[in-house]
Amino acid sequence: MSEIPKAYEPQAVEEKWYDFWLKQNCFTANPESAKPAYSIVIPPPNVTGMLHMGHVLNNTIQDILARKARMDGKEVLWLPGTDHAGIATQAVVEKALRKQGVMKHRDDLGREKFLEHVWAWKEKHGGIIIQQLKKMGCSCDWTRERFTMDPAYSQCVQKVFVELYKKGLIYRGKRMVNWDPAARTALSDEEVEMTETKGHLWHLKYPLLDDKGQPKADEFLVVATTRPETMLGDEAVAVNPTDPRYAALVGRRCLLPLQNKSIPIIADELVDPKFGTGCVKVTPAHDPNDYAMAMRHDLPLTVVIGPDGRMTGEAGGGFAGLDRAEARKTVVEHLEKLGLILKIEDYVHNVGYSQRTNVPIEPYLSEQWFLKYPSVEKATGCVELPEDKGAPGGNSPDAPPVEATARPAPDAQEAIDTKALVPALHVAKGSAGQTTPIAISNLTPSPSESNASSERMRFYPDRWSKTYSHWMGNLRDWCISRQLWWGHRVPVWYRKSEGRNPKTELSAADIHCAVEAPTDAENWEQDPDVLDTWFSSWLWPFATMGWPEQTPTLKKFYPTSDLVTGPDIIFFWVARMIMAGYEFMGDLPFRNVYFTGIIRDKQGRKMSKSLGNSPDPLELIAKYGADALRFGTMRSAPLGQDVLFDDKDVELGRNFCNKLWNACRFRQMQGGEVQAEIEPSLLTGDDKWILLKLDQAIRDITAAFEAYRFNEATQTLYRFFWSEYCDWYVEASKAVLSRPVEASERQSVKAEDAPTLQRSNAPPSADDARRANTIAVIDFVLSHTLRLFHPFLPFITEELWHGMGYHADMPADQGGATIMFAPWPKPLDDDFRGHYGLDASHLDVVNAKYDLVTQGRNLRREGNIPSSKKVKFVFKPAKPLSPHDAEVLKLLLNAEALEVDPAHQPQKGTPTVHSELGDLYLPMEGLIDVAAEKVRLSKELDKINGEIIRTEQKLSNPNFTSKAPPQVLQEHQQRLAEWQAKRDRVQKALEALQG
RNA sequence: GCGCGGUUAGCUCAGUGGUAGAGCACUUCCUUGACACGGAAGGGGUCAGAGGUUCAAACCCUCUAUCGCGCACCA
């Protein structure tokens with residue numbers, strides 16, 4: 001045992017056990033298992049991504065949940081995989097190919113050649129993040145790893161497209177979409193980030209035309225715009241129909257400068273007369289509102305900005321080919337020369353930026369595929385809102401009906417009918433106002449799905465459910481087509497035809513929408529677009545499990561149990577998965593959603609590549625160990641709050657692992673039988689104290705798990721193990737352990753050589769038996785503690801589980817082979833407590849003892865006695881003190897001797913502390929700074945008196961005594977008595993100083 | 001504009017009605033046989049402000065200030 005290193009060295013340990021777990025197939029889920037199922041699907045990271053702190057937080061939580069579930073006896077599937085991440089991956093590869101000089105634009109290569117490069121890239125880099133997850137200790141079932149572009153997965157995506165198309169939910173249309181000119185693709189609304197931007201409001205003068213179409217001298221309409229370059233495509237000026245200022249002008253025309261084109265003045269209600277001049281320039285092809293107006297007024301659509309963000313030929317000779325930003329400058333210059341700019345104001349407004357390429361979004365009219373969301377009502381109703389959780393009938397009478405207006409009456413009626421037909425289904429918990437949203441979730445699922453649970457879903461923290469339901473209540477059709485090459489190609493073919501644009505004016509017979517290409521493929525042309533990446537990710541919970549086949553995996557593990565993800569993808573992913581779950585599986589995809597916070601740096605800034613403030617988790621693992629990274633992250637990540645991450649957190653984790661290591665090392669050095677039977681009659685007060693503290697820790701940690709409060713669990717573990725076990729119990733136990741042992745015994749302490757060695761050489765003595773019993777208690781506590789820690793610290797706990805020999809007498813599948821399957825500790829039950837005589841009353845005496853130790857140490861400190869110097873204490877017990885307790889006091893006070901003298905008469909001026917157990921004296925005359933000690937005690941006395949007055953006031957208040965619950969009243973009375981006793985002790989100590 | 005969240009020790013944060021907590025940092029002491037990635041003792045907070053509810057408020061309600069986030073949006 002002396003070979004055990006003094007400090008924990010994680011590297012070799014982590015690699016060893018991860019390999020072991022893989023070889024033993026510990027992570028592989030068995031769908032035939034009789035155990036209850038527990039499943040999580042990983043939020044698939046980008047296939048070309050690298051591990052960052054967000055992944056660490058997210059996947060640590062998933063691993064903790066998975067490992068805890070295994071210890072709870074569940075059959076666990078944590079299904080991993082990666083996402084092809086269309087735009088991101090394509091952009092990365094394009095950049096690399098340009099850098100290598102392979103191409104300037106992907107058109108140089110052509111679709112097939114380019115895709116070969118992307119696949120090659122994926123093969124080379126796609127596994128990196130998976131390897132990184134393994135370094136973290138993630139217990140994913142790697143045999144089931146999936147990729148969203150796997151052939152089977154692609155089939156699912158296509159099947160879903162075809163189904164939704166046939167249902168009429170997917171359609172193609174020419175619409176104003178969010179266009180990313182850098183990536184040259186359409187985006188969904190969710191991919192546009194509105195950012196407050198400092199810009200200008202240009203006030204442009206458009207000359208009025210008279211009846212003959214001639215500009216009238218000095219008569220202008222003034223329009224205000226943030227985008228002067230779009231004026232090249234203007235087709236009208238609009239005013240509000242009720243605006244008296246312009247009523248006479250409606251129907252007349254004005255001159256569009258630069259283009260020298262006559263455009264009409266129209267009236268439209270969209271115009272806000274109060275904003276600016278009340279006149280709006282209308283650019284139908286480049287603004288959604290203007291487009292809407294153009295439809296109403298039958299205006300032409302003049303496209304002046306092309307898909308690449310450059311001005312088109314329609315923009316006119318001086319502008320064609322210019323980038324939109326350059327065009328803005330040039331237009332303004334020209335208008336200034338013509339004197340047509342009235343003024344330029346500074347103006348702060350919101351501009352949409354592409355989330356991917358960070359360039360301003362261009363509203364762009366184009367032909368795209370759209371999806372009208374399916375299963376919206378079920379998906380909306382299934383998530384519990386915070387209001388739903390109130391006690392039955394607990395709504396205050398004046399509270400407005402919840403969401404009453406948001407639900408259309410027919411749905412409510414239908415829901416109630418359904419509920420009546422299916423009485424076994426979940427019954428609404430709330431009052432009448434809440435019935436509707438709850439009942440909607442109980443709409444009968446498609447009959448083909450037999451495992452429909454009809455349960456509700458909960459969000460943690462639940463406030464996100466409001467965000468969710470708000471979005472669900474305001475759905476707009478989803479633009480699912482992307483003008484990219486990397487992704488699932490739209491499974492639609494158009495019949496080729498000479499001299500006709502194949503994508504327009506087609507009859508139904510000319511469109512083939514199916515998973516398979518048409519048999520006479522040569523006569524058809526496939527739609528070139530691919531689908532939004534999220535259109536594949538939304539199928540993740542079941543497409544990864546073999547859907548549409550009813551595979552054993554799917555039957556056993558769908559719906560999944562928990563989803564762990566970031567709130568930033570509620571709309572992108574979570575909401576869409578819920579809809580897909582109901583639409584294609586007839587049931588919700590997961591029961592609980594845990595939303596992590598966002599990891600920020602210690603200044604509160606988001607982690608980002610450009611700031612360079614994102615630590616590399618792998619470096620942290622190399623420096624501190626994976627367990628340390630996990631523990632440090634979890635300890636500082638409360639439910640629902642952002643995490644301000646600091647390397648110090650990981651350092652704390654490392655220190656903690658080292659503490660755990662050394663505590664076990666200490667146990668090893670004691671030798672003796674491993675996990676021997678505990679003999680109740682030999683238990684000391686300290687033993688009972690730590691067993692009760694362990695019991696409380698088990699309860700608290702288990703409760704924290706149930707509430708998904710992982711930081712609370714880690715903090716409880718930290719406190720229990722470091723403060724209670726190491727600082728107090730281990731130190732106190734040395735009173736028993738470090739009694740002189742015989743030479744023959746010393747040698748027997750080499751447990752590694754003979755783990756089950758009985759200490760049979762020495763003749764049995766009372767001390768030996770007590771020593772063995774203390775070791776048994778230590779083993780009991782440590783073997784439980786290791787299990788409590790395992791979900792957080794998988795590696796070190798496995799190493800110690802084996803190193804300490806705690807696996808030895810467990811069944812192979814219950815901790816014998818690995819701690820992973822050891823049963824989760826249960827609170828100590830009544831039988832156990834009865835057998836070992838554990839009673840909360842033991843806590844008081846031991847607490848008082850430890851309190852006396854602290855006070856005694858403080859005396860030393862006040863007396864400037866170095867910690868190392870042994871001094872003699874005298875103890876005057878108030879009631880008989882056991883020899884064991886006396887020994888503990890002596891040891892913890894680092895006393896040379898502790899003289900127990902019930903009749904002790906201290907000299908005047910002897911520093912003294914008083915406690916429930918008795919009085920402790922430090923007879924070291926002249927060593928104490930009497931004046932300073934007096935000041936300290938007086939200060940303490942003031943504080944105590946303050947507390948006494950406060951408590952007395954409360955207790956003398958008849959309102960308090962009559963209205964407070966008896967238990968609280970009693971607590972206060974007890975507290976007062978305690979403070980009074982304390983006051984007396986301090987006063988006595990003060991008097992003792994009055995030499 | 002609407003919604004959500006934060007404001008507690010020097011720093012980062014826990015703490016949902018009944019005696020204000022942790023880690024780090026700080027002061028002093030200690031390399032004693034698990035651990036200096038350690039041990040001991042200690043200093044430090046009118047819980048952003050104001051009002052209200054209550055016997056009792058960091059906690060519940062209202063308002064204000066301030067920081068952050070999301071949604072919507074009129075050029």
Side-chain angles (χ1 to χ4, degrees), chain A residues 4 6-8 194 201-202 223-227 230 238 270-283 287 289-290 347 349-350 461 463-464 466-467 470-471 474 567-568 570-571 597-598 600 602 604 624 628 632 635-638 640-646 648-649 651-670 709 711-712 715 718-719 723 726-727 730-731 734 738 853-855 857-862 864-870 892 894 936 947 950-951 954 957-965 967-969 971-972 975 978-979:
Chain A
I4 289 190
K6 267 173 81 167
Y8 174 55
M194 301 303 281
L201 203 53
W202 284 271
V223 295
T225 181
T226 54
R227 300 198 59 195
T230 62
L270 202 71
V271 180
D272 177 0
K274 291 192 281 293
F275 186 90
T277 57
C279 292
V280 181
K281 59 189 272 311
V282 180
T283 321
D287 181 279
N289 288 325
D290 294 4
Y347 189 62
H349 62 139
N350 284 322
R463 63 186 145 85
W464 291 112
K466 287 181 89 167
T467 307
H470 181 256
W471 187 76
N474 296 279
D568 49 334
I570 288 185
F571 312 139
I598 294 166
R600 300 170 178 278
K602 58 182 162 186
Y624 298 112
R635 195 175 169 285
S636 53
Q641 297 298 331
D642 287 355
V643 185
L644 268 64
F645 180 82
D646 189 343
K648 285 256 190 235
D649 295 329
E651 201 176 305
L652 176 101
R654 180 208 45 188
N655 295 353
F656 187 79
C657 289
N658 192 54
K659 189 77 177 175
L660 185 59
W661 180 259
N662 273 291
C664 288
R665 186 161 161 262
F666 172 75
R667 157 64 187 95
Q668 289 284 46
M669 291 167 84
Q670 306 308 316
R709 302 174 84 97
N711 74 314
E712 215 167 277
Q715 300 209 32
Y718 189 100
R719 179 185 46 72
S723 307
C726 291
D727 288 349
V730 170
E731 293 308 318
K734 286 176 183 172
S738 60
V853 169
T854 302
Q855 288 195 67
R857 286 166 171 171
N858 183 257
L859 277 190
R860 296 181 62 116
R861 180 74 205 90
E862 293 296 320
N864 281 321
I865 300 164
S867 313
S868 57
K869 188 171 168 70
K870 297 225 171 200
L892 297 188
N894 195 23
R936 187 185 71 86
E947 295 289 345
R950 249 172 57 185
T951 317
K954 265 189 161 180
N957 181 351
N959 275 328
F960 174 72
T961 48
S962 61
K963 289 185 181 167
Q967 195 196 337
V968 172
L969 197 61
E971 260 173 40
H972 277 74
R975 197 185 304 157
E978 278 166 20
W979 283 119

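A note on names: the letters A, B, ... follow the listed sequences, proteins ahead of strands, and every chain is numbered from 1. Keep in mind it's a predicted model, so treat the numbers as computed, not measured.
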Engineer: Using 30° and 60° as the class limits, which term best fits the ring planes of A/Y8 and A/W661: parallel, tilted or perpendicular?
Structural biologist: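 Ring orientation of A/Y8 relative to A/W661: tilted.
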Engineer: Expressed in whole Å, how much space separates the C1' atoms belonging to B/rA50 and B/rU7?
Structural biologist: 16 Å
Engineer: Rounded to the nearest angstrom, tell me the gap between atom NE2 in A/H470 and atom C1' in B/rG70.
Structural biologist: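 It is 10 Å, rounded to the nearest whole Å.
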Engineer: Do any N or O atoms from the side chain of A/N894 and from the backbone of A/K870 form a donor-acceptor pair under 3.5 angstrom?
Structural biologist: no
Engineer: Partner of B/rA25 by Watson-Crick or G-U wobble geometry, both contacts under 3.5 Å, or none?
Structural biologist: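 Because no pair has both required distances under 3.5 Å, B/rA25 counts as unpaired.
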Engineer: Are A/E731 and A/K734 ion-paired here, with the side-chain N under 4.0 Å from a carboxylate O?
Structural biologist: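 Yes, this pair counts.
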Engineer: Spell out, as yes or no, whether a donor-acceptor pair under 3.5 Å connects the side chain of A/D649 to the backbone of A/G632.
Structural biologist: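 No; zero donor-acceptor contacts below 3.5 Å.
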Engineer: Counting heavy atoms from C-beta on, name the nucleotide in B/rC37, B/rU31, B/rC71 closest to the side chain of A/S868.
Structural biologist: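 The closest nucleotide is B/rU31.
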Engineer: Report the base-pairing partner of B/rG68 (Watson-Crick or G-U wobble, both distances below 3.5 angstrom), or none.
Structural biologist: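 Pairing partner, where one exists within any strand: B/rC4.
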Engineer: Using a 4.0 Å heavy-atom cut-off to protein, can you give one letter per nucleotide of nucleotides 19-28 of chain B, 5' to 3': B if the base is in contact, S if only the sugar-phosphate is, - if neither?
Structural biologist: BS-SSS---B
Engineer: On RNA chain B, does the nearest nucleotide to A/P866 precede the nearest nucleotide to A/N957 from the 5' side, or the other way round? Give the residue.
Structural biologist: A/P866
Engineer: With rounding to whole Å, what would you report as the distance between B/rC60 and B/rU16 at their C1' atoms?
Structural biologist: 9 Å
Engineer: Roughly how many Å apart are B/rA22 and B/rA14, using the C1' atom of each and rounding to a whole number?
Structural biologist: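 Rounded to whole Å, the distance is 7 Å.
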Engineer: Could you tell me if A/R665 and A/N662 have a donor-acceptor pair between their side chains, going purely by distance under 3.5 Å?
Structural biologist: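 Their side chains do contain a donor-acceptor pair, which is all the 3.5 Å distance test asks for.
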Engineer: Determine the Euclidean distance between corresponding P atoms of B/rC59 and B/rA9; express it in Å to zero decimal places.
Structural biologist: 15 Å
Engineer: In whole Å, what separates the P atom of B/rG33 from that of B/rU12?
Structural biologist: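 Going atom to atom, P in each nucleotide, I get 39 Å.
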